[in-house]
Amino acid sequence: MFRLRSRPPRRVRYSVGIDATTKSPALPANARSLGPGLDALHRRIVGWFEETARDLPWREPACSPWGVLVSEIMLQQTPVVRVLPVWEEWLRRWPNPAALAGEPAGEAVRCWGRLGYPRRALRLHAAAVAIVDGHGGKVPDTYAELLTLPGVGSYTAAAVAAFAYGRRETVVDTNIRRVHARLVSGVALPAPSLTASEMRLAAELLPDDDGTSVRWNAAVMELGALVCTARAPKCAACPVREQCAWLAAGEPPPSYTPKGQAWHGTDRQVRGAVMAVLRLAETPVPPEMFVQEPADLGFEAEGIGAPLSALHRLNSAPEQLERALAGLLSDGLAELHHGGYRLPA
DNA sequence: AAAGCGTGGAG
DNA sequence: TCTCCAAGCTT
């Protein structure tokens, strides 16, 4: 019977509001049934990764910590294929934190394009400023320091410390949570939000060796992204299907149905449409232009006709447009200049 | 601590 | 067409 080998007590850092002093109880019973053992599990998944891993520019050894940080922020809730071209453009234009910090935040937002969640661009700019002001222009190399940066939470801090600096960190993202849920816990999906129990499990599964731990983190993430996917997992291609508790249990369905985010008719949709206009606008946009306009919009609409029409097509209530604009102002994604809206200068 | 925050591809 | 969901963070 497989057992986790005992190791000297190690300070385990649990991210997000989890008491780091909590003593570590035994693993769930099914964590002990990983067949050939934890080392073998590490070898299988890391081996699979080294054969199968995608060539991603932020995984190149030559990629700077700044490149890794930018990639991690861009990848929050955003698929790799959409990030790739924007990341390339960002790194060409801003090869280090100081380069970005030297430009207006609005440029970061504009260059963010249609990646979504544009507050991330704002925060990345603020992070660059903080790195220049507080860290001599060098991306910090510890979890604790990274965590203080705007837009950097527990996942991103651990990921940058691990992938940019080779540190042994408990990296837990949505892919890793799902792999652990199936492989070890035997359930179709992880809990709706990250639990202390998941962090404990991830910490227990992490290889002792620094180098192996980094590859393990990347490998489990990749396995979740390519094979152990949320819908229609490709179990036939899984290097650890023989050890999978969920498969062994007969693929029980999820115990809950995640509720999707509303989109049509929401403030978010209006904000998105307004931002699309502002990204293309070269001069401040008067508020009247955001309102449905039957006749011609005049020469001022030059270049922003398409996103403006898209906004008008939403036909949103005036108070909803008001809310969206006010929200963008308070978030710092837009500012008022001579009575018109523009990206922050 | 639950809710808000974009976008587009896949099934 | 419509729903789901993708390397989360912040308040």
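Here is how names work: the chains are called A, B, and so on, in the same order as the sequence lines, proteins then strands, and each is numbered from 1. Because the structure is a prediction, the values reported are computed rather than measured.
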Can you check the A:R54 CZ to C:dA6 P distance for me, whole Å? 13 Å
Is a side-chain donor or acceptor of A:E72 paired with a backbone partner of A:A158 at a separation under 3.5 angstrom? no
Interatomic distance where CG belongs to A:L124 and C1' belongs to C:dG8 [whole Å]: 14 Å
Kindly say whether A:L149 contributes a backbone atom to a donor-acceptor pair with the side chain of A:R123 at under 3.5 angstrom? no
Does the side chain of A:T78 pick up a donor-acceptor pair with the side chain of A:R120 at under 3.5 Å? yes
A:M74 atom CE is separated from C:dC9 atom C1', nearest whole Å, by 16 Å
Please give, in whole Å, the distance from C:dC9 C1' to A:Y155 OH? 13 Å
Quick one: label A:A159 by what it contacts on the DNA or RNA (base, sugar-phosphate, nothing), any heavy atom closer than 4.0 Å. nothing
So what does A:W112 touch, heavy atoms closer than 4.0 Å: a base, only the sugar-phosphate, or nothing? nothing
Nearest-nucleotide check on DNA chain C, A:P258 vs A:A157; residue mapping nearer the 5' end is A:P258
Need one value for A:R323: base, sugar-phosphate or nothing, where a base atom within 4.0 Å counts as base even if backbone is also close, heavy atoms only. nothing
Please test A:W58 against A:L75 for side-chain contact (heavy atoms from CB on, under 4.5 Å), starting from the C-alpha separation and ending with a verdict. CA-CA 11 Å; A:W58 45 86; A:L75 287 163; 3.9 Å; yes
Please confirm whether the shortest side-chain N or O distance from A:R178 to OP1 or OP2 of C:dA6 is below 4.0 Å. yes
Gap separating the NZ atom of A:K138 from the CG atom of A:N96, nearest 0.5 angstrom: 13.5 Å
What's the CG-C1' distance between A:L189 and C:dA6, to the nearest Å? 14 Å
Rounded distance in Å - CG (A:L226) to C1' (C:dA6): 13 Å
Could you tell me if A:Q269 and A:T266 have a donor-acceptor pair between their side chains, going purely by distance under 3.5 Å? no
Residues in side-chain hydrogen bond (donor to acceptor under 3.5 Å, both in side chains) contact with A:D173, at least two apart in sequence or another chain: A:N175
Which part of the nucleic acid, if any, lies within reach of A:L56 when heavy atoms closer than 4.0 Å are counted: base, sugar-phosphate only, or nothing? base
Looking for any heavy atom pair under 4.0 Å, which part of the strands does A:S71 touch: base, sugar-phosphate only, or nothing? nothing
Would you give a per-nucleotide map of nucleotides 4-11 of chain B, 5' to 3', where B means the base has a protein non-hydrogen atom under 4.0 Å away, S means only the sugar-phosphate does, and - means neither? BBBBBB--
If you compare every side-chain N and O of A:T156 against the phosphate oxygens of C:dC9 (OP1, OP2), does one of them come in below 4.0 Å? yes
Taking the P atom of each, how far is B:dC5 from C:dA7, in whole Å? 22 Å
Starting from C1' on C:dA6, measure out to CD1 on A:I73 and report it in whole angstrom. 16 Å
Rounded P spacing from B:dG6 to C:dT11 in Å: 14 Å
